[in-house]
Amino acid sequence: MQNSWAGGAPDPGQYFDSGFLCLGLETSCDETSAAVVAGAHQIRSNVISSQIAVHQRFGGVVPEIAARRHLERIVPVVEQALQEAHASLDQIGGIAVSYGPGLVGALLVGVSAAKGLALALGKPFIGVHHVEGHIYANFLVHPELEPPALCLTVSGGHTDLVYIRAHGEFRVVGRTRDDAAGEAFDKVARLLGLGYPGGPAVEAQARQGDPQAYPMPRALAGEDTLDFSFSGLKTAVARLIQELPDRNPRTLSNLCASFQAAVVDVLVSRTVQAMKKLGVRTVLLSGGVAANGELRRRLEEAVRQQGGRLYMPPAILCTDNAAMVACAGTYRLARGERSGWDLNAVPSLALPEAPAASGASA
Ligand code: KG4
Ligand code: ZN
């Protein structure tokens with residue numbers, strides 16, 4: 001357990017006051033990001049330095065290159081975040097950093113920077129689970145939002161249905177058994193020669209295509225599970241590519257539309273299943289794939305049909321960014337949590353679970 005409780009009881013209210021500035025750092029994959037968030041909900045700056053151009057020619061993220069690039073970018077990105085927020089370092093009240101899961105070399109850059117700043121400033125710092133950050137992008141933009149809630153987190157590394165029992169208490173009730181949804185988008189894009197990252201490119205192609213043009217598998221359909229499986233989709237697309245006599249722009253957009261429809265169908269139906277099973281009406285969407293317009297539309301409609309409400313961050317807060325980390329960190333700081341100097345990067349970190357007796361069971 002990396003996080004520890006502070007001895008004294010801080011006044012939680014002070015952290016939600018616009019005078020409290022949290023500096024967030026995010027370096028778990030291929031974005032170097034720093035943000036200043038006031039009172040957990042007001043984004044004063046959110047600088048995202050993307051490495052996409054660096055990794056594009058390799059068709060995916062190269063871990064060593066990502067770590068080196070974070071090292072080069074972290075100081076200028078923090079400086080820019082402070083400048084845009086019109087804040088000086090001594091006005092920062094606390095520091096929050098993603099410490100896992102992710103690429104270990106990449107995470108270490110953020111964790112070391114957070115510790116260095118905390119030591120120099122004499123301010124508290126807190127390690128945040130990267131997926132908790134994604135989930136809190138919703139709390140960041142919807143201050144009125146309160147648990148319990150169900151969150152569908154769909155990114156390049158995760159496809160999880162998470163029951164949020166209370167702030168900071170999670171229970172993963174469904175997860176992918178193989179590829180993450182974003183990974184499936186990236187792999188299919190690669191097969192189709194659409195480059196990296198695949199999600200936005202596949203979505204753009206899908207807009208012109210027919211979602212029923214080609215049959216695609218809906219894995220685990222009809223099974224009594226909240227889990228997902230997306231690896232079969234990549235195989236199905238690969239087979240179709242081989243079988244298709246010619247690859248014109250029409251077949252490309254039809255393939256993308258059919259693939260995207262299959263992913264969205266499964267994500268939507270599992271989320272509705274989880275709502276019914278857990279009796280939850282408040283649903284959140286998060287992670288890079290949450291930027292997908294078709295998923296946003298279809299899930300919103302499905303949740304409304306169940307009498308629920310879907311919350312989702314704007315697209316820019318769906319993909320990796322430090323503002324979501326600062327928000328999640330502020331909620332933890334407000335509960336009196338602090339990380340110790342032993343905080344380390346944890347590449348396969350698990351989400352902090354709700355106590356077994358009190359969480360939803362599924
Ligand atoms: O959350 P994120 O920035 O990084 C991880 O934590 O993984 O998510 C990146 C993933 C990539 O797989 C990317 O292809 C996918 O999110 N993505 C999308 C869209 N925008 C990004 N997938 C589908 N549609 C999009 N518009
Ligand atoms: Zn992410």
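Starting from 1, each residue takes its place in the sequence as its number. Basis for what follows: all heavy atoms, side chains included, without hydrogens, waters or symmetry-related copies. Both counts, for ligands and for their atoms, begin at 1 and track the order of listing.
Summarising the geometry, atom CG belonging to L226 is positioned 12.0 Å from atom CG belonging to D160; distances are rounded to the nearest 0.5 Å.
Residue, atom and distance of the protein heavy atom nearest to atom 12 (O) of ligand 1 are D186 OD2, 2.7 Å. Looking only at heavy atoms of the protein, atom 24 (N) of ligand 1 is closest to N292 ND2, 3.1 Å.
Counting only distance, with no hydrogens or angles, the side chain of D178 and the backbone of F230 share a donor-acceptor pair below 3.5 Å. Listed for the R338 side chain is a donor-acceptor partner under 3.5 Å among the backbone atoms of L333. In this structure, T27 contributes its side chain and A106 its backbone to a donor-acceptor pair below 3.5 Å.
Set against the non-hydrogen atoms of G157, the atoms of ligand 1 under 4.0 Å away are 7 (O). Each of the atoms 14 (O) of ligand 1 lies under 4.0 Å from some heavy atom of G198. Within ligand 1, counting atoms from 1 as listed, the ones closer than 4.0 Å to a heavy atom of G182 are 12 (O). Of all the atoms in ligand 1, the ones that sit under 4.0 Å from a non-hydrogen atom of T319 are 3 (O). For ligand 1, the atoms sitting less than 4.0 Å from at least one non-hydrogen atom of H134 are 1 (O), 6 (O), numbered in the order shown with element in parentheses.
The closest heavy-atom contact to atom 21 (C) of ligand 1, among the options G199, G288, A315, comes from G288. Around atom 10 (C) of ligand 1, the closest heavy atom drawn from G156, C29, A180 belongs to G156.
The aromatic ring centres of Y136 and H41 sit 6.0 Å or more apart. Aromatic rings of F259 and F185 (six-membered ring for Trp) have centroids within the 6.0 Å cut-off, being under it. Taking the six-membered ring wherever Trp is involved, the centroid distance between the rings of F170 and H129 does not fall below 6.0 Å.
The Zn ion (ligand 2) lies closest to atom NE2 when only the N/O/S atoms of H130 are considered. With respect to the Zn ion (ligand 2), H134 has NE2 as its nearest N, O or S atom. The N, O or S atom of D320 lying closest to the Zn ion (ligand 2) is OD1.
Between the side chains of Q83 and E79, no donor-acceptor pair of N or O atoms lies under 3.5 Å. A side-chain donor-acceptor contact under 3.5 Å links R270 and Q273. For T153 and S286, the side-chain atoms include at least one donor-acceptor pair closer than 3.5 Å. Judged by distance alone, the side chains of H70 and D30 never bring a donor and an acceptor atom under 3.5 Å apart.
Of the heavy atoms in H158, none comes closer than 4.0 Å to ligand 1.
Inclusion of H158 in the first shell of the Zn ion (ligand 2) is not supported: no N, O or S atom falls under 2.8 Å. Taking backbone and side-chain atoms together, C29 has no N/O/S atom less than 2.8 Å away from the Zn ion (ligand 2).
At a 4.0 Å cut-off, at least one heavy atom of H130 sits close enough to ligand 1 to count as contact. The closest approach between any non-hydrogen atom of E31 and ligand 1 is not below 4.0 Å.
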